[in-house]
Amino acid sequence: VQLQASGGGLAQAGGSLRLSCAASGRAFSSRVMAWFRQAPGEEREFVAGISQRGVTTSYADSVKGRFTISRDNAKNTLYLQMNSLKPEDTAVYYCAATDSGYLDTVRRTYNYWGQGTLVTVSS
């Protein structure tokens, strides 16, 4: 499967951005999906995840209440709505998919990765 992330850019603190991740192939709806991010000099970290049908979601504490993950299985697309952005949200954001069936926060669980989209939040 191929994942293509988009929607990154420059935002001011307190602003909003919406990321999208378009997936190729017919198995999108059978995969758990997630967003990770990696700031300069930092490890890639889990941001949010969503179950195959979108019933269950999980968020990192740092984004809980500000970010919302969603998916449209008819369009093979994953989304991340980011509100109340903070400078510390600046990072390259990656969408990821796993065949494991588990909504996991661990990076190595995910076997498909998009190319990343840069989000920069100015203060």
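The nearest pair of heavy atoms linking A39 to A91 is N-CB, 3.8 Å. Shown here for A5 and T117, the closest heavy-atom pair between the two residues is CB-CG2, 4.2 Å.
The backbone N or O of G49 lies less than 3.5 Å from no partner atom in the side chain of T57, so there is not a single donor-acceptor pair. Between the side chain of N73 and the backbone N or O of Q52, at least one donor-acceptor pair lies under 3.5 Å.
A 4.5 Å side-chain heavy-atom check between Q38 and E43 finds every atom pair outside the cut-off. Two residues are said to be in side-chain contact when any heavy atoms from C-beta on lie closer than 4.5 Å; M82 and D89 fail this criterion. When side chains are defined from C-beta on, F46 does not count as touching R37, because their heavy atoms never get closer than 4.5 Å. Within the 4.5 Å cutoff, side-chain heavy atoms of V119 are placed close to those of L19. With contacts defined as side-chain heavy-atom distances shorter than 4.5 Å, the pair L85/F67 qualifies. Annotation: side chain of Q81 is not in contact with side chain of S70 (no heavy-atom distance under 4.5 Å). Contact check for K86 versus R66: side-chain heavy atoms found under the 4.5 Å cut-off. Side-chain contact between L78 and I69: present, with at least one pair of heavy atoms (C-beta onward) separated by less than 4.5 Å.
Ring planes of F36 and Y110: perpendicular class, angle over 60° (limits at 30 and 60°).
There is no path of hydrophobic side-chain contacts, each under 4.5 Å, that joins W35 to Y94. Note: the hydrophobic cluster containing V32 does not contain I50 (ILVMFWY, side chain heavy atoms under 4.5 Å, direct or indirect links). Hydrophobic clustering (side-chain heavy atoms under 4.5 Å, transitive across Ile, Leu, Val, Met, Phe, Trp, Tyr) groups L80 together with L3.
Heavy-atom contacts from other residues, nucleotides or ligands closer than 6.0 Å to CD of E88 number more than 12. Crowding of Q115 atom CD: a count of heavy atoms from other residues, nucleotides or ligands under 6.0 Å exceeding 12.
Interatomic distance, L103 CG to S58 OG, rounded to the nearest 0.5 Å: 5.5 Å. Interatomic distance, M33 CE to Y112 OH, rounded to the nearest 0.5 Å: 11.0 Å. For the atom pair OG1 (T90) and CD (E42), the distance works out to 12.0 Å, reported to the nearest 0.5 Å. The SG atom of C21 lies 11.0 Å from the CH2 atom of W113; values are rounded to the nearest 0.5 Å.
T77 and D72 are not linked by any side-chain donor-acceptor pair at a separation below 3.5 angstrom, with hydrogens and angles left out of the test. Between the side chains of T109 and D104, a donor-acceptor pair is found at a separation under 3.5 Å.
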Can T98 and R31 be said to form a side chain to side chain contact (heavy atoms under 4.5 Å, CB included), step by step? CA-CA 6 Å; T98 177; R31 293 190 169 102; over 6 Å; no

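Salt-bridge annotation for D61 and K64: present, with a side-chain N of the basic residue lying under 4.0 Å from a carboxylate O of the acidic one.
Taking the centre and axis of the six-membered ring of Y79, the NZ or CZ atom of R71 falls outside the cone set by 45° and 6.0 Å.
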